[in-house]
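Note that ligands are numbered from 1 as they come in the structure, with each ligand's atoms numbered from 1 the same way.
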Amino acid sequence: MVSPLLQAVTVCSVTWFLWKFFRRFVVKTDLDNLPGPSSPSFIYGNLRQLYDRQAFKYHRRLGEEYGSVVRLHGRFGENILYTYDPKAMHHIVIKDQEVFQESNWFTRMLLHLFGPGLLSTLGDHHRKQRKMLNPVFSINHMRHMTPIFYDVCHKLRTAVEARVRSGAAEVDMVGWMGRTALELMGQAGLGYSFDPLVAEPKDQFGEALKNLMPTLSALRGMQQYFPLFEAIVPPGWRRPIANLVPWPAARRMVELRDILRRRSTEIYEEKKAALLSGDEALKQQVGEGKDLMSILLKANMEASEEDKLPEEELIGQISTLTFAAMDTTSNALSFTLWRLAQNPDAQAKLRQEILEAKDACGGGDIGYDDLVSLPYLDAVCRETLRIHVPAPLRFREAKQDIMLPLSEPIRGRDGKLMHQILVPKDTSVFVGIAASNTNKALWGEDAYEWKPERWLQPLPEKVLDAKIPGVYANLMTFWGGGRACIGFKFSQLEMKIVLADLISAFNFELSKPIYWNMAGVQYPSVDPRGDKPEMPMKVSLVKEAVRV
Ligand code: HEM
């Protein structure tokens, strides 16, 4: 006999499915009137084309063929709105950010992995965390961290030098950029050392963080069903069930979660104990108490009861910040080295600027204020982050029906002009941040070309007039509004210090063709299938390169 509970569940599921079907296929919305490609598959829609490792041409084609407001297809015929229209982006990212929220599966999964950190909280809860964390990333704190950054970078330089001392050699620079970014975040972010950058790293926490992205991509999109798993499996059963799943990636995910949670708690406890023991104990720690977590813990102790964050939210920031900081900045640096290797004149010009600045400060490290104002170094970073967006796949979900205004009217499939579009509740919205950064209508016909010089002159009026809602340089690379990248100044400083140290000492050339792979964070590979992140480069000492 079928239990009444099962009957109720079946009735609810069928009603839900019929309602979804009715909403999608019977009630036509503005989205059905938008231009866009057809769907190659009822099950996947255009998602496989959008996420394909070589999806770059597809992303470009969307804008070139259909414009800045496009209808795509999601799973089972659902509509997806794709846009890089500046006014629409302004509403999604700033004005109506409470309506266009992170997807539920994304926040639930990160909450499970890291605990309640910035990436997994929403609304007032998130705003309270930002209020406490924003000052931690102030320019003043970045300035005090500069010596920590240099210490780590000198170790990187020594490691690369050891490999090329007796002549030019092939060095996997993406591997080194990854190790350096993790160690920089470790020392300057957490006051913790993951990797001495001499021998092979052995830290379990660091290894777990490095394995997170590959394990997530091995789940092949199944992580989107995580809220469903949570809804039907009671908390006490989740681990035994996950351990029984005949799928190594899912079991690995559980192991990684355990390591991240355990080590974050240990790091937090050590830091708290040092803080309570006073300044001398802090000075004995990696980072001497100048790291982001020490600053955060101190600020939290001094905050009013109303503003204080509970311990589990402080612990939640440890993996959150390291995860968000690591692959993004290391791949941004890899992109920059790759571009400089393809453009030897730009590399020589950058080296000259850096060497002159070093000479001006007696041959040592360039101080914070001088470094951040080197014009060509800044132009190289901006141009690379304009044309190569490390984290390009940015989705939001409309939490209610909402009218989205457009900068310019578009012609619908029925021939009528649309000045705004009604976005129905639950619609997924893909914001084309890479398309916005290379929009020819704003940046000009050379928008796809890497030209640092464009930043040494006034930007086109159209770029300024468009009021792009990004926090950085009229670009969407670091997002904008209340969920903009909190670490963008940290990452800029990191890029500049690593480049100043490496470019002044070494010459970089490409030794093999490199493929870039579309992913949560883009990465380079030698194999066109992109199974393994790799970027071998021919590296030589600068003196040798100049002599040749
Ligand atoms: C080139 C390097 C980086 C890029 C391109 C980048 C990009 C982004 C983007 C696009 C977002 C918005 C994600 C979304 O809401 O959809 C974001 C958020 C975030 N980033 Fe970064 N990021 C970089 C480096 C860093 C660094 C170095 C840190 C930490 C030190 C960091 C910490 C965060 C955090 C915590 C968030 C979540 C902010 C919130 O929701 O309040 N990022 N980043």
Quick one: which of Leu404, Asp85, Val423 gives a side chain to side chain contact (heavy atoms under 4.5 Å, CB included) with Ile92?
-> Leu404
Excluding sequence neighbours, so at least two apart, what forms side-chain hydrogen bond (donor to acceptor under 3.5 Å, both in side chains) with Gln342?
-> none
Assess the side chains of Asn104 and Arg108: does a donor N or O sit below 3.5 Å from an acceptor N or O?
-> no
Is there a donor in the side chain of Gln204 and an acceptor in the side chain of Arg262, or the other way round, less than 3.5 Å apart?
-> yes
Just jot down the ligand 1 atoms closer than 4.0 angstrom to any heavy atom of Leu118, in number order.
-> 35 (C), 40 (O), 41 (O)
Which protein N, O or S atoms lie under 2.8 Å from atom 21 (Fe) of ligand 1?
-> Cys485 SG
In the protein, what heavy atom is nearest to atom 7 (C) of ligand 1, and what distance, to one decimal place, separates them?
-> Thr477 O, 3.7 Å
Would you check if there is a donor-acceptor pair between the side chains of Ser193 and Glu183 at a distance under 3.5 Å?
-> yes
Between the side chains of Gln224 and Arg75, is a donor N or O closer than 3.5 angstrom to an acceptor N or O?
-> yes
Just which atoms of ligand 1 are under 4.0 Å from any heavy atom in Leu119?
-> 37 (C)
Can you find a non-hydrogen atom of His126 under 4.0 Å from ligand 1?
-> yes
Region of Arg130 that comes within reach of ligand 1 [heavy atoms, distance under 4.0 Å] = side chain
Phe137 neighbourhood, listing ligand 1 atoms whose heavy-atom distance to it stays under 4.0 Å = 30 (C)
Aromatic ring centroids of Tyr58 and Phe56 under 6.0 Å?
-> no
Kindly assign one of parallel, tilted or perpendicular to the pair Phe114 and Phe323, based on the angle between their ring planes and the thresholds 30° and 60°.
-> tilted
Is Glu102 in contact with ligand 1, taking contact as a heavy-atom separation below 4.0 Å?
-> yes
Parallel, tilted or perpendicular: which describes the rings of His59 and Tyr82, with under 30° parallel and over 60° perpendicular?
-> perpendicular
Thr320 N/O under 3.5 Å from ligand 1 N/O | no
Do Phe490 and Phe149 have ring centroids that are under 6.0 Å from one another?
-> yes
The answer for which part of Ile433 has a heavy atom under 4.0 Å from ligand 1 is neither
Would you mind finding which of Gln129, Arg394, Arg396, Gln317 brings a heavy atom closest to atom 15 (O) of ligand 1?
-> Arg396
Step through it carefully: locate the ring centre of Trp455, locate the ring centre of Trp450, and say whether they are under 6.0 Å apart.
-> no
Judged by non-hydrogen atoms, does Glu494 sit under 4.0 Å from ligand 1?
-> no
Non-hydrogen atom of Ala484 closer than 4.0 Å to ligand 1 = yes
Pair Phe508 + Trp338: ring centers closer than 6.0 Å = no
Pro390 heavy atom under 4.0 Å from ligand 1 | yes
